[in-house]
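Throughout, a chain's letter reflects where its sequence line sits, starting with A, and its residues are numbered from 1.
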Number of protein chains: 2
Amino acid sequence: MPPPSRPVAGAEVPPGAALLPVTVDVVALTVRDDALHVLLVERGVEPFRGALALPGGFVLPGEGLAAAATRELAEEAGIAPPGYLEQLGTYGPLGRDPRGPVLSVAYLLLAPDFGLVRAGSDAAGAAWHPVADVLDPGALGFDHGRILADGVERARSKLEYSPLATAFCGPEFTVAELRRVYEAVWGVRLDPRNFSRKATGTPGLLVETGRFTSGGAGRPAALYRAAVRAPGIQGVGGSAATGDDGPASVPVVLDPPLLRPRS
Amino acid sequence: MPPPSRPVAGAEVPPGAALLPVTVDVVALTVRDDALHVLLVERGVEPFRGALALPGGFVLPGEGLAAAATRELAEEAGIAPPGYLEQLGTYGPLGRDPRGPVLSVAYLLLAPDFGLVRAGSDAAGAAWHPVADVLDPGALGFDHGRILADGVERARSKLEYSPLATAFCGPEFTVAELRRVYEAVWGVRLDPRNFSRKATGTPGLLVETGRFTSGGAGRPAALYRAAVRAPGIQGVGGSAATGDDGPASVPVVLDPPLLRPRS
DNA sequence: TCAAAAGTGTTGTGTGTACACCCATGG
DNA sequence: CCATGGGTGTACACACAACACTTTTGA
């Protein structure tokens, strides 16, 4: 059997250097039913066949990291998801894949609750799972339990110092919806009155639309848009489009920060 | 000429996946003469021959990321440096090395001012440079200017929420030395009286030794040790030793934080 | 005795928190 | 008119910035 055509990069690289396969894994988080959820696939092939895992796959020749992340998400979720994408960290290459050394670059996606099209190619199906159900080590294949824990912790701290909570919301949202995002991600209850004041009084977080909700119970709530269009998958000029394959370029900083209650 | 013996990992990896050379680059920071300095090498080989660059090199077969970082540092600085090591981010693989696609995993080292042994193997020499002198884009080869900027920003924010400022100090130090670390990294002047109260009153930052300085001008200062032995190169059970090749495992958190002055 | 550096006391200002209270809608 | 949720006013506690002041050494 002839070897498959596999373009190998780094022909000018010094001898002795390792050539490693690289995967991209995505921790895609959303808030649904007032709880933090993560997008997981059921693996259809070995290793860890049948187990839950983060969506992801191998980087292809000529492909950038962020591009690989969005491609894998699109393949396994069935659609190109909206949201904010940032690099989480790199794991490996030793002792994390039974097939041998594999480097894995993890990405974090914060997204509104987008619908899934069940047509994964190499996965039996992708679905949202409550994070609380799968946070214990061993619930996921590979070292994805640790990656998920790192992603959740990153999201929790990002909400304090950046306006990225709005990445979980749709194009227009109320202060109460934003508060439920904070409550779900942090796992706490926040005072609605103080939160409203804090959110509307923090520069760089919200912009008024002048519109209001209607139809629900109680007084109509003001509708807001995110003050910053977070760099992300759909954003023109965002990370994926420009091939900016570095770690998180610090977005706009919240000042004063919205600190989570300390125990 | 027979091909060099190059163990190629990932034999069971699906065809079509890229096999990439991976480098590790280190942003090694220290404080000397009340200014933040970074360890740089003058490149002795192409590409960017003669230019300044971050110390680093290719990951070898069978080697972990953190192990590669410490090995490169030891090779290019001449000694195994002390300090705290954490992963900064991953860059590439496209458009950052004229030789072709190369993935680069950057690490951040916060270290006391350790002496250098000028015996680099593939570098003409390693030396400390004031960060202010080389922060402008284009001062360094490759994309190392951006990596340095990311590392400096990471260090600045780490000092607010973690006790890692002590990683810049020796085994015993005074509150004034610690204050000069904060002043150098943040580029601000801090009130010595208020800083002293804040530092000594923050749990998890300092432990008294009962000893005092002597010989200098003025009243002797109390000597302290770091409350946390930061995971790092020399620490038993640290990242490098255990092959823990993930991103920053969040160390002890400072509560209350030591916030830098906002403009 | 003076200069220098370390460390403490005190006070004004601001920010977070708790909660009383008012506003606007649907049933 | 009442329930429901949205939003404002206000008092208290606490934390930080500013700076006067004391302590302890070397010259």
Do you see a donor-acceptor pair shorter than 3.5 Å between the side chains of A:Asp25 and A:Tyr91?
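The answer is no; no qualifying pair exists.
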
Round to the nearest Å and state the distance from [X] atom [atom1] to [N] atom [atom2].
| X | N | atom1 | atom2 | result |
| --- | --- | --- | --- | --- |
| A:Leu190 | C:dG16 | CG | C1' | 13 Å |
| A:Asp255 | C:dT15 | CG | C1' | 12 Å |
| A:Arg179 | D:dG7 | CZ | C1' | 12 Å |
| A:Glu208 | D:dG6 | CD | P | 16 Å |
| A:Phe173 | D:dG5 | CZ | P | 21 Å |
| A:Arg189 | C:dA18 | CZ | C1' | 16 Å |
| A:Leu259 | C:dT17 | CG | C1' | 13 Å |
| B:Phe195 | C:dA5 | CZ | C1' | 16 Å |

Indicate for each nucleotide in nucleotides 19-27 of chain D, in 5' to 3' sequence, whether protein heavy atoms under 4.0 Å reach the base (B), only the sugar-phosphate (S), or nothing (-).
BB--BBBS-

Are [X] and [Y] side-chain neighbours, meaning at least one heavy-atom pair lies under 4.5 Å?
| X | Y | value |
| --- | --- | --- |
| A:Leu52 | A:Val41 | no |
| A:Leu40 | A:Leu148 | no |
| A:Val181 | A:Phe173 | no |
| B:Val26 | B:Leu39 | no |
| B:Val27 | B:Tyr107 | no |
| A:Arg260 | A:Leu159 | no |

Taking CZ in B:Arg225 as the centre, count heavy atoms belonging to other residues, nucleotides or ligands within less than 6.0 Å. Is the count above 12?
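Atom CZ in B:Arg225 is not crowded, with 12 or fewer foreign heavy atoms closer than 6.0 Å.
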
For DNA chain D, whose closest nucleotide is more 5', that of A:Ala176 or that of B:Pro257?
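Going by which nucleotide is closer to the 5' end, it is A:Ala176.
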
Taking 4.0 angstrom as the limit, do B:Arg146 and B:Asp150 come out as a salt bridge?
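Yes, this pair counts.
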
To the nearest 10 degrees, what angle separates the axes at the start and end of the helix from C:dT1-D:dA27 to C:dG27-D:dC1, five pairs each?
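Angle reported: 10°, given to the nearest ten degrees.
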
